[in-house]
Student: 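Dropping the structure in here first, questions after.
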Amino acid sequence: MAAALRGAGGRFRWRIRAAAAAAAAAAVGGVRGATRRAAGRQNYDLLVIGGGSGGLACAKEAAQLGKKVAVVDYVEPSPRGTRWGLGGTCVNVGCIPKKLMHQAALLGGMVQDAPHYGWALQPVPHDWATMAEAVQNHVKSLNWGHRVQLQDRKVTYFNIKASFVDAHTVCGVSKGGKETLLSAEHIIIATGGRPRYPTHIEGALEYGITSDDLFWLKESPGKTLVVGASYVALECAGFLTGLGLDTTVMIRSIPLRGFDQQMSSLVTEYMASQGTRFLRGCTPSRVQRLPDGQLQVTWEDPSSGKEDTGTFNTVLWAIGRIPETRSLNLEKAGVHTSPTSQKILVDALETTSVPHIYAIGDVAEGRPELTPTAIMAGKLLAQRLCGQSSDVMDYENVPTTVFTPLEYGCVGLSEEEAVARHGEEHVEVYHAYYKPLEFTVAERDASQCYIKMVCLRKPPQLVLGLHFLGPNAGEVTQGFALGIKCGASYAQVMRTVGIHPTCAEEVAKLRISKRSGLDPTVTGC
Amino acid sequence: MSLPPGRRARLSSPGTGRSFSEAREELRRRLMGLIEGNRVMIFSKSYCPHSARVKDLFSSLGVECNILELDQVDDGANVQEVLSEITNQRTVPNIFVNKVHMGGCDRTFQAHQSGLLQKLLQEDSAYEYDLIVIGGGSGGLACAQEAAILGKKVMVLDFVVPTPQGTSWGLGGTCVNVGCVPKKLMHQAALLGQELKDARKFGWEYSHQVKHNWETMIEAIQNHIGSLNWGYRLSLREKAVTYVNSYGEFVEHHKIKATNRKGQETYYTAGKFVLATGQRPRYLGIPGDKEYCITSDDLFSLPYCPGKTLVVGASYVALECGGFLAGIGLDVTIMVRSILLRGFDQEMAEKVGSYMEQHGVKFLRKFVPVMVQHLDKGSPGKLKVVAKSTEGPETIEEIYNTVLLAIGRESCTRKIGLEKIGVKVNEKSGKIPVNDVEQTNVPYVYAVGDILEGKLELTPIAIQAGKLLARRLFAGSLEKCDYVNVPTTVFTPLEYGCCGLSEEKAIEVHRKENLEVYHTFFWPLEWTVAGRDNNTCYAKIICNKFDNDRVIGFHVLGPNAGEITQGFAAAMKCGLTKQQLDDTIGIHPTCGEVFTTLEITKSSGLDITQKGC
């Protein structure tokens, strides 16, 4: 199939169609073809802007299917000057270093458990530098891996900052200021997002860092204030606490907006029990640097109207992310963005307002900001563009896991959403608290280990959502996500025999409905 | 896998394999069970006004009755047919009081007026108990408690015969005392040893060599088990189940002799019996085995560290025990007569073994012990083991502190008087053949758990079977225990989770050319920084090409395999296909997500190794 596409005839037809489309687009955009004939211009079937999870997946898939593909990627240094290699957020400043630091924190918990299991061990300190170096080395090996994979698949890679010249042409500027013109029949925007700074707060930009910096710090951040209630905020605060750092989270309103709120409050409850401090309902007003180098943060508590201050070594902003669309000159290409979110508007086929320009991943409006969805969307898009498949990405029932100290895995609807969509009288929620076997000997508190399955009330009680809070939530949730994809009913899940002794088997033992009012806590020992 | 004919028939598609009369006979038996097992049994239809009147009558009399709504069960029409054969009455309500056919609505009200109904209701059952369960393990307790919840008078007999080494334990059976629970906790202790090594790479600073203390671990684990034993006692008391710590033995039909520790004998009778006596480890039958060797029955409460240990056997018990003993730093050798993990996928089994071998467990393949000699007393002592090759005349000798036998388990069915009441037992295996409603050849005697012939030896399946059995016996439920696609996990140092068919079995059932096997190695993210091997963890699914690429076998070797497998098992219950796997979004970064991106087929022969840096 790929060979046939690469054949002379195939390429020829492709070009003709492309040229026609280009002319049409150019006419619409009101841009003359002159720029496109500029010297040094290189032509591709497919140009991907952004070398993150979605962009790379799309580029590699298209190249494998015989297309001439280029990827442009450029990491604008963070205000603190942090920069990184190919692979995007997930690999460099997201999932990968996050989960590894989470693992480091979990290992700290295991070091504490170990004496209960007979290992003669005194409490031990944690060395940030050792961890950071190990994590960063792994990330660098992944950067390298991505470079090699692009090379293997004959994808041309440019380390340049791209912006549109017209609907088919992109101008890239290298670190040294050298310009390159690239044109392509199809352009995929996969530039992702970056952490937002609260620029209205005095000292925020000068003294604060974001997740873009945290994972690349060579030295321990010390006593840290995390501002925000996103999963990024809670995950970072969670592992910092776990590594033994004095950590405070400042939350303006509710934690984990968009997630099931009962689960969210259990997540923060557990964090608090592990030593993370929470400042609820507060908003920071300024950050000042003290003579000794410490940061003094002033905040307001609107409920009391009082102002308060605290000193920290590090202030981490985790108040949300903004899409990387501003420097792309999207208006030159005629690509429309949402006026509120600045994200690129797309249809079900990931097409933007310009038919041959697409957007995938975090930069696209209304998409879940998750690596695996971006990867799958990128692959499917490439397959469609290559005539390989007509499959459209299904954004329903996407499972995810928040790697807070007690992990929270979920798929499908939250209880609030289910009630909003179907009405309370049509929803049945089964739930249980449980105690992981490993917690018993380690004498850990399991008060927040909790599972909830949201179902339709009418038999066969289709499962609408599953929420799991406990160790290895990601591993537990993955398979059940499949079950929900297969249209699992409550009865089918209950007929599944458990694997003993695991935490996951508790899902197959959910007998108590919320409506019954029966006690869902663990009884006895 | 020899299955009774009825069972085999059920495996083929409904309506083709099994004869009409067989199905009819089974339904008849089930209905008789309901009629005999309940003080008042009403066959009704939920919308029938006459049925409603009868229900109201009994509830006004304060009499509990069991009701089967024919319109709410799948085979309601057949039930009506069979009922008319039994009673000569086609209509509902159809009422039985203390096994006597009362008739319909009018007849019942007449009987109420004449006082006949009250008289029948007073005639209590001739037996002391509605149900006696022999064996207080997972299956037995689940069944007993469910029956008690349904208002039945229930007794549980449980008695642990001490091991040759004198080890004994409390209520709860194998899983809680000498199985899953202590096993997983010791496995966890061993995993923590590995995590401690990893922790250094993740920045946790300690320089000294960390030693493991056996006594601390045993005390913590035994304390937990003690609390579970107590929990079971409490739970039985709360549900008003009579618990007797005595050895049960049939003496005649419906009658059992219970002998306690002091040798006192008491007799009890019941309408129905459930056998749930489980299994105990087997001994080799060689000089010195019972005197000097221990089994898993002793290991989990052993008061001293076993030291240099020889594990005999290749069952999952052998590999799990060998694995965690090595993990806490002991010198471990596993002596294997033929293959590892018989019955499991052999490719996976070999990978489990080779990981153990790389992590310090020595394997002695194709040898069997012929003699165990006591050299030194002590805790632990010293034992000389002589072993003989299975392939030639070669013999070897070696000295160990402890010899752990894990060569299989024997059903506890030979000394409970089954011959007195004629319950059939498989002579060779000691297992009990049952039909698909867990009924033995003696209609009022049922069996659940490890002693069932051709079924699975797993705690959760015994619990499920026990619960559903109680509901069928006493609540008119028709739901049977489904023994297909039961997931399980072997907690070896690298855990192995599976659901459905092994590759060998799949080829045997469906032929190789009809299957597509997808597989890959994977490298858990946590292993990267820890510097662990990148081509060890392995994922494999087996799909039936001629059934929509349905997943008929799921296999995963890696950390948290149990947690991963459970959800996929639920998906397999819902008919999981390869397409659905591909359509599902992964959770990043986890191990489980590897199953959503399986691309390489085994038949393609393509390389599945993960590249390094």
Side-chain angles (χ1 to χ4, degrees), chain A residues 95 99-100 103-104 107-108 110-111 113-114 116-121 124-127 130-131 134-135 138 141 371-373 376 394 398-401 437-438 440-441 472 474-483 485-488 492-493 495-505 524-525, chain B residues 180-181 184-185 188-189 192 195-196 198-199 201-206 210-213 216-217 220-221 224 227-228 231 234 459-461 464 482 486-489 525-526 528-529 560 562-571 573-576 580 584-593 613:
Chain A
C95 323
K99 178 114 193 259
L100 287 171
Q103 173 70 2
L107 285 169
M110 291 176 196
V111 168
D113 286 357
H116 292 282
Y117 282 89
W119 295 100
L121 188 69
V124 296
H126 185 259
D127 181 60
T130 306
M131 172 190 73
V135 170
H138 177 64
S141 81
T371 284
T373 49
M376 194 181 281
D394 177 7
V398 174
T400 189
T401 294
L437 179 62
E438 293 75 10
T440 58
V441 163
N472 300 304
E475 306 296 0
V476 173
T477 310
Q478 184 70 74
F480 287 103
L482 243 323
K485 196 103 195 161
C486 303
Q492 276 168 317
V493 176
R495 270 203 296 275
T496 306
V497 177
I499 299 178
H500 191 61
T502 61
C503 296
E505 70 175 323
C525 273
Chain B
C180 323
V181 170
K184 180 105 192 270
L185 288 171
Q188 174 71 1
L192 284 171
E195 311 279 13
L196 288 180
D198 288 0
K201 301 247 171 62
F202 280 89
W204 295 98
E205 292 185 313
Y206 61 97
V210 183
K211 281 239 160 43
H212 186 263
N213 183 306
T216 309
M217 173 181 75
I221 291 175
H224 176 62
S227 77
L228 292 177
L234 209 66
T459 284
I461 198 87
Q464 185 107 328
D482 185 356
V486 173
T488 188
T489 294
L525 179 61
E526 296 75 13
T528 58
V529 164
N560 300 307
E563 306 296 358
I564 295 171
T565 307
Q566 184 69 73
F568 286 95
K573 267 269 180 287
C574 310
L576 178 64
Q580 282 164 327
T584 300
I585 306 276
I587 298 178
H588 192 59
T590 62
C591 294
E593 68 177 324
C613 296

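Below, all heavy atoms of this structure are taken into account, side chains as well, without hydrogens, waters or symmetry copies. Quick note on labels: first sequence line is chain A, next is B, and so on, each numbered from 1. Predicted model only: the values in this text are computed from it and were never measured.
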Student: Quick check for you: to the nearest 0.5 Å, what is the distance between B:Asp482 atom CG and A:Gln492 atom CD?
Tutor: 11.0 Å
Student: Identify which of B:Gly575, B:Ala199, B:Cys574 forms the greatest number of heavy-atom pairs closer than 4.5 Å to chain A.
Tutor: B:Cys574
Student: Applying salt bridge (Lys or Arg N to Asp or Glu O under 4.0 Å), can you list everything that pairs with A:Glu438, at least two apart in sequence or on another chain?
Tutor: B:Lys184
Student: What part of A:Met376 is in contact with chain B, defined as an atom under 4.5 angstrom from a non-hydrogen atom: side chain, backbone, both or neither?
Tutor: side chain
Student: Which atom names give the shortest non-hydrogen contact between B:Val210 and A:Ala120, and what distance separates them?
Tutor: CG1-O, 3.3 Å
Student: Among B:Trp204, B:Tyr206, B:Phe202, which one satisfies ring pair (Phe, Tyr, Trp, His ring centres under 6.0 Å) with A:His126?
Tutor: B:Trp204
Student: Taking all atoms of both residues into account, what is the closest heavy-atom pair of A:Leu482 and B:Phe568, and its distance?
Tutor: CD2-CE2, 3.4 Å
Student: Heavy-atom pairs under 4.5 Å with chain B are the metric here; pick the option from A:Thr371, A:Asp127, A:Asp113 that has the most.
Tutor: A:Asp127
Student: Heavy-atom pairs under 4.5 Å with chain B are the metric here; pick the option from A:Val398, A:Thr400, A:Val111, A:Leu437 that has the most.
Tutor: A:Leu437
Student: Do you know the tightest heavy-atom contact between A:Ala134 and B:Val529?
Tutor: CB-CG1, 3.6 Å
Student: Looking only at heavy atoms, what is the nearest atom pair of A:Cys486 and B:Gln580, with distance?
Tutor: SG-OE1, 3.3 Å
Student: Quick one: closest heavy-atom pair of A:Thr130 and B:Gly203, and the distance?
Tutor: CB-CA, 3.9 Å
Student: Hey, which of A:Val135, A:Val493, A:Asp394, A:Thr373 has the most heavy atom pairs under 4.5 Å with chain B?
Tutor: A:Thr373
Student: What option among A:Gly483, A:Ala114, A:Gly498 has the most heavy-atom pairs under 4.5 Å with chain B?
Tutor: A:Gly498
